Amino acid sequence: MHSWNQSVKLALEPLANAENASFMKAYMRGQYQFFGIQSMPRRTALKPLFAKEQLPSFDEIPDVIDELWASPEREFQLVAVDLLIKLKQQLPLAMLKDLERWITTKSWWDTVDMLATHILASFYRRFPEETSEVIGRWRLSDNIWLRRSTLLYQLKFKQETDKDLLFELIRENRSDKEFFIQKAIGWMLREYSKTDAESVVRFIEIEKIDGLAKREGLKWLKSKKLI
């Protein structure tokens, strides 16, 4: 195990909580093992390792992340995501291929959504042409997590959202009954409604978006009594 990951393990193991671990495993539909450490204590315990002088070198990052991804406890994957977010402005374009592997391995919303809205989003802002090519391939994928990522990466873009692309992506996925696709459509529409309410309401009406996606998409506007 890489020395940084070994230090992570040594910092987390004493914080293990069997009761929390059981609850967390059940919440994630029994898919992963857990130490049972909530996010705040986890990040506090690892704060010294996230100091600039303690971080792995960029050459080591893919191997460090892969190793964390392969570790059984889910907290290791969450640490990996935190590490990527810490370094997101400096990650090289070549790491986009690694990002695809991390999105499609041990995939669940807790890792995928952060990778999409932070890491894929950062790649798009810094390398728009190359990242658009990757998004163009992912949007056609049978993998729901790659498609969810293409729906969500613009979540925090506000006025910079490519509205036409967003609506295209939603049209492509609207008939997919997969919960995580419909939830992503609704989440994205809800967030974009804070920037351009009129376009979202019109899009939902014209495209006859319904069910979960519509409920989620209009939730913020209804809570503010704007519709």
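Because the structure is predicted, anything quoted here is derived from the model rather than measured. Throughout, numbering of the chain's residues begins at 1 and tracks the sequence.
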Closer than 3.5 angstrom, by distance alone: can the side chain of T150 be matched with the main-chain N or O of R147 as a donor-acceptor pair?
yes
Do L166 and M188 come close enough that some side-chain heavy atom pair is under 4.5 Å?
yes
Please give me the minimum heavy-atom distance between N143 and L146, naming the atom from each residue.
OD1-N, 3.1 Å
With sequence neighbours excluded, tell me which residues meet ring pair (Phe, Tyr, Trp, His ring centres under 6.0 Å) with F35.
F76
What do you reckon, is NZ of K194 surrounded by more than 12 foreign heavy atoms closer than 6.0 Å?
yes
Cation-pi, F203 ring and R171 (6.0 angstrom, 45 degrees)
no
Joint cluster assignment, L155 & I204, ILVMFWY side-chain distance < 4.5 Å
yes
K183 NZ to L151 CG distance, which is reported to the nearest 0.5 Å
14.0 Å
Could you check whether K219 pairs with E216 (Lys NZ or Arg NE/NH1/NH2 to Asp/Glu carboxylate O, under 4.0 Å)?
yes
Can you list every pair that meets side chain to side chain donor-acceptor pair (under 3.5 Å) and has a residue in residues 17-39, with sequence neighbours left out?
none
Nearest 0.5 angstrom please: S149 OG to I135 CD1, how far?
9.5 Å
Taking 4.0 angstrom as the limit, do D210 and R215 come out as a salt bridge?
no
Counting distance only, does the side-chain N/O of E67 pair as donor-acceptor with the main-chain N or O of N5 below 3.5 Å?
no
Can you tell if the side chain of E13 reaches within under 4.5 Å of the side chain of K9, non-hydrogen atoms only?
yes
Go through the steps for K158 and Y192 under the test side-chain contact (heavy atoms from CB on, under 4.5 Å), then give the verdict.
CA-CA 6 Å; K158 298 182 179 178; Y192 189 55; over 6 Å; no
So with a 6.0 Å cut-off around NZ of K214, is the heavy-atom count from everything else above 12?
no
If you look at every heavy atom in A197 and L221, which pair is closest and at what distance?
CB-CD2, 3.6 Å
Check step by step if ring-ring contact (aromatic ring centres under 6.0 Å, His included) holds for W4 and F50.
CA-CA 10 Å; W4 195 82; F50 275 74; 5.6 Å; yes
Would a distance-only check, ignoring hydrogens and angles, find a side-chain to backbone donor-acceptor pair under 3.5 Å from Q182 to G211?
no
D63 and H2, any side-chain heavy atoms less than 4.5 Å apart:
no
Is the shortest heavy-atom distance from the side chain of D162 to the side chain of D164 under 4.5 Å?
yes
Any side-chain heavy-atom pair from F167 and E207 closer than 4.5 angstrom?
no
Between T195 and F157, is a side-chain contact (heavy atoms from CB on, under 4.5 Å) present by the stated rule, with each step listed?
CA-CA 10 Å; T195 297; F157 282 19; over 6 Å; no
Less than 3.5 Å apart, any donor N or O on the side chain of K163 or S199 sitting next to an acceptor on the other?
yes
What distance separates L55 CG from I61 CD1, expressed to the nearest 0.5 Å?
7.0 Å
Could you go through M28 and M24, starting from their C-alpha distance and side-chain angles, then the distance that decides it, and tell me whether this counts as side-chain contact (heavy atoms from CB on, under 4.5 Å)?
CA-CA 6 Å; M28 298 295 277; M24 290 175 172; 5.7 Å; no
Heavy-atom distance under 4.5 Å between the side chains of E205 and V201, does that happen here?
yes
Taking it one step at a time, do M95 and F123 satisfy side-chain contact (heavy atoms from CB on, under 4.5 Å)?
CA-CA 9 Å; M95 218 173 279; F123 277 126; 4.0 Å; yes
Are R139 and E168 within salt-bridge range, i.e. N to O under 4.0 Å?
yes
Let me confirm one number: the CG-CZ distance from L49 to R43, rounded to the nearest 0.5 Å.
14.5 Å
Note, L46 side chain near D82 side chain (heavy atom, < 4.5 Å)
no
Salt bridge between E160 and R125, side-chain N to carboxylate O under 4.0 Å?
yes
Between R126 and Q89, which heavy-atom pair has the shortest distance, and what is it?
NH1-O, 3.3 Å
Between I37 and E75, which heavy-atom pair has the shortest distance, and what is it?
N-OE2, 3.0 Å
CD1 of I227 to CH2 of W220: how many Å apart, nearest 0.5 Å?
10.5 Å
Between S57 and E60, does any side-chain donor sit less than 3.5 Å from a side-chain acceptor?
yes
So, does S122 use its side chain to make a donor-acceptor pair with the main chain of I119 at under 3.5 Å?
no
Are the charged groups of D66 and R101 less than 4.0 angstrom apart, N to O?
yes
Less than 4.5 Å apart, any side-chain heavy atom of V79 and any of R42?
yes
Between T105 (side chain only) and W102 (backbone N and O only), is there a donor and an acceptor less than 3.5 Å apart?
no
Cut-off 3.5 Å, side chains only: do S141 and R137 have a donor facing an acceptor?
no
Applying a strict under-4.5 Å side-chain criterion to I, L, V, M, F, W and Y, I'd like to know whether L91 and L93 cluster together.
yes
With distance as the sole test, does R174 use its side chain to make a donor-acceptor pair with the main-chain N or O of K208 at under 3.5 Å?
yes
Walk me through whether E178 and R148 qualify under salt bridge (charged side-chain N to carboxylate O under 4.0 Å, His left out).
CA-CA 10 Å; E178 165 60 50; R148 182 172 167 100; over 6 Å; no
Can you say whether the rings of W145 and F180 are parallel (under 30°), tilted (30 to 60°) or perpendicular (over 60°)?
tilted
If you count heavy atoms of other groups shown closer than 6.0 angstrom to NZ of K106, is the number above 12?
yes
d(L99 CG, L115 CG) to nearest 0.5 Å is 5.5 Å
Any chain of hydrophobic side-chain contacts (each under 4.5 Å) joining I144 to L140?
no
Say whether W109 and F179 are linked into one hydrophobic cluster, either directly or through other cluster members, by side-chain heavy-atom distances under 4.5 angstrom.
yes
Here the pair of heavy atoms bringing D110 nearest to L78 is OD2-CD2, 3.7 Å
Any chain of hydrophobic side-chain contacts (each under 4.5 Å) joining F23 to M40?
no
Nearest heavy-atom approach of W138 to L120 is CZ3-CD2, 3.7 Å
